[in-house]
Amino acid sequence: MKTVFKDKNIVLGVCGGIAAYKSVELLRLIQKAGANIKVIMTKNAQAFVGPLTFRALSGQPVCADLFEENDDASIRHIDWAEEADAVVIAPATANVIAKMANGIADDALSTFILAVTAPVLVCPSMNTHMYENRAVQRNIDALESDGYNIIEPGTGELACGISGAGRLPEPKFIFDRLVSSLLPNDFNGKKILVSAGPTQESIDPVRYISNPSSGKMGYAIARAAEHRGAEVTLISGPSNLADPLNVKVIRVISASEMAEAVFDKIDNSDIIIKTAAVSDYRPKEVAEHKIKKNKDEMVISLEKNTDILKEIGKRKGNRILIGFAAETQDLNENAQKKLDAKNLDIIVGNIVGDPSSGFGTDTNKVTFFHKDGKKESLPEMEKDEVAHALLDRISMAS
Ligand code: PMT
């Protein structure tokens, strides 16, 4: 995430609604991700949260008045509009939405917005009846057709006591949409299937064979692809990770469940990325009850699971097919063999068992082996960055 926000200038516009307190948390998320963030507040917003709060947290002056004096004599709202890489208006009140829809510039925020050329995310938040009012809906439609990015409000109990649409979405959801607005939309219209995590092969009702995959690598790919405009389905083995936002997640346990879920989606996928660490074998027999420890030695017979990726390779058509190779030795030779045997476009090789790459880590050190024989070794990177580097290669090839 750090690379997405590196050297980026984000402006947060805060309007006068009870949800203004949530913008403080949003500011923290954006700041933590490494962006420079500045805040513009309407006069009414200042009745809910003081400018000093935003000033102290952002470490930047807050623009709260169109005609305020400032240190460097710049026209703050125009300078900020020029510098901005993205703008978030959260909460966006009916009043500010109406001004934006009609090009009215009568305070610092509305004047600033007219001068912005970067993507603007608008997060309406108000009483349900106000939100559903035809004039408000008309204004929201106008903003959408003017190219503003509208984040639909959530539904639930509102501060005014009634229940319905109008809640400001959680800051982490707004943050996720902000990330997307800063990335290219190069997978728009593409359907991407990603598999992630381990599989578990039951021995008896309380024991299984598995591996240490956490799902981090596959979830990072699913998230990055969604941020870049793809319609993403993630088929995940058991993982503690939360579902990536806006991604259809199908949770499975065993390799045969994963195979069934993946095969069901092949026809509906343009790109398939198999990051999952699938068990190659499963116990031939699964005991109905917990096995007792009354023998000194025990032998479990295993039988082979279907090689899901190899099967997809046979039905590849003109889909793009990516595999991963988890190796402890001879990465080049083993990855190359899998690339050929499974009919892949790219195989991502990684050495597992290293403290900074492979299973469970936040970083990975990968080598891309392309079907034309090209090989690229990348330095250690966050898994999010590896995901984007892989998508960059796929984007170039498609
Ligand atoms: O989840 P993390 O903790 O973030 O860890 C990430 C990772 C190390 C699991 C990931 O980067 C990785 O290497 N995934 C592939 C693990 C693996 O099973 O590699 P393999 O070399 O055994 O399999 C090669 C390819 O065939 C893989 O794409 C695998 O999904 C696929 N396969 C394997 C066996 C099988 N029965 N069916 C398959 O589809």
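Atoms within each ligand, like the ligands themselves, are counted from 1 in listed order.
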Next item on the list: Please report which non-hydrogen protein atom sits nearest to atom 5 (O) of ligand 1, along with the residue it belongs to and the distance in Å to one decimal place.
Entry: Gly358 O, 3.5 Å

Next item on the list: If you have a sec, work out which protein heavy atom is nearest atom 25 (C) of ligand 1 and how many Å separate them, to one decimal?
Entry: Phe324 O, 3.1 Å

Item checked: Close side-chain approach of Ile322 to Arg393, heavy-atom, < 4.5 Å -> no

Next item on the list: Distance to 0.1 Å, residue and atom name: give those for the protein heavy atom nearest to atom 28 (O) of ligand 1.
Entry: Lys274 O, 2.7 Å

Next item on the list: Please say whether more than 12 non-hydrogen atoms of neighbouring residues, nucleotides or ligands are located less than 6.0 Å from CD in Glu288.
Entry: no

Next item on the list: Check if Gly197 has a non-hydrogen atom at a distance under 4.0 Å from any atom of ligand 1.
Entry: no

Notebook entry, point to check: For Pro212, is at least one N or O under 3.5 Å away from an N or O on ligand 1?
Noted result: no

Next item on the list: Considering heavy atoms of the protein only, find what lies nearest to atom 6 (C) of ligand 1 and give residue, atom and distance to 0.1 Å.
Entry: Met217 CB, 3.7 Å

Check: At a non-hydrogen distance cut-off of under 4.0 Å, which region of Asn350 contacts ligand 1 (side chain, backbone, both, or neither)?
Finding: side chain

Checklist line | Under 4.0 Å to a heavy atom of Lys216 - the qualifying atoms of ligand 1, by number | finding: 1 (O), 2 (P), 4 (O)

Check: Under the criterion side-chain contact (heavy atoms from CB on, under 4.5 Å), which of Leu143, Val96, Ile97 is the partner of Pro124?
Finding: Ile97

Check: For atom 19 (O) of ligand 1, which protein heavy atom lies nearest, and how many Å away is it?
Finding: Ala326 N, 3.4 Å

Notebook entry, point to check: Would you call Glu311-Lys314 a salt bridge at under 4.0 Å N-O?
Noted result: yes

Check: Among all protein non-hydrogen atoms, which one is nearest to atom 2 (P) of ligand 1, and what is the separation to 0.1 Å?
Finding: Ser214 OG, 3.4 Å

Check: Which atoms from ligand 1 have a heavy atom of Ala325 less than 4.0 Å away?
Finding: 21 (O)

Check: Can you tell which of Lys383, Lys310, Arg282 gets a heavy atom nearest to atom 4 (O) of ligand 1?
Finding: Lys383

Note to self: When you compare ligand 1 with Lys338, is there at least one nitrogen or oxygen pair between them that comes in under 3.5 angstrom?
What the structure shows: yes

Checklist line | Side chain proximity check, Ile89 to Val120, heavy atoms < 4.5 angstrom | finding: yes

Notebook entry, point to check: Contact between Thr306 and ligand 1, counting heavy atoms under 4.0 Å?
Noted result: yes

Next item on the list: Please determine if Arg167 and Glu157 form a salt bridge, counting it only when a charged side-chain N lies under 4.0 Å from a carboxylate O.
Entry: no

Item checked: Electrostatic pair Arg134:Asp141 at N-O distance under 4.0 angstrom -> no

Check: Quick one: does ligand 1 sit under 4.0 Å from the side chain of Lys342, the backbone, both or neither, non-hydrogen atoms only?
Finding: side chain

Next item on the list: Salt-bridge test for Asp345 and Lys316: reply yes if a basic N is under 4.0 Å from a carboxylate O, no otherwise.
Entry: yes

Checklist line | Flag, side chain of Ser357 to backbone of Ile351, donor-acceptor distance under 3.5 Å | finding: yes

Check: To the nearest 0.1 Å, how far is atom 34 (C) of ligand 1 from its closest protein heavy atom, and which atom is that?
Finding: Asp280 OD1, 3.3 Å

Note to self: Counting only heavy atoms from other residues, nucleotides and ligands, does the tally under 6.0 Å from CD of Glu260 exceed 12?
What the structure shows: no

Check: Are any of the side-chain heavy atoms of Lys265 and Ile250 separated by less than 4.5 Å?
Finding: yes

Next item on the list: For atom 18 (O) of ligand 1, grab the closest protein heavy atom and report residue, atom and distance to one decimal in Å.
Entry: Ala277 CA, 3.4 Å

Next item on the list: Check each atom of ligand 1 against the heavy atoms of Leu309 and keep those under 4.0 Å away; list them by number with element.
Entry: 25 (C), 26 (O), 28 (O), 31 (C), 38 (C), 39 (O)

Checklist line | Min heavy-atom dist Gly360 to ligand 1 below 4.0 Å | finding: yes

Checklist line | Ile308-ligand 1 polar pair, N/O distance under 3.5 Å | finding: yes

Next item on the list: With atom 17 (C) of ligand 1 as the reference point, say which of Ala276, Gly215, Ser213, Ala335 has the nearest heavy atom.
Entry: Ala276

Notebook entry, point to check: Can an N or O of Gly323 be found at a distance shorter than 3.5 Å from an N or O of ligand 1?
Noted result: no

Next item on the list: Among Ile, Leu, Val, Met, Phe, Trp and Tyr joined by side-chain contacts under 4.5 Å, find the other residues sharing a cluster with Met298 and list them by chain and number.
Entry: Ile203, Ile209, Tyr281, Ile291, Ile300, Leu302

Next item on the list: May I ask you to decide if Ser356's main-chain N or O and Thr363's side chain share a donor-acceptor pair within less than 3.5 Å?
Entry: yes

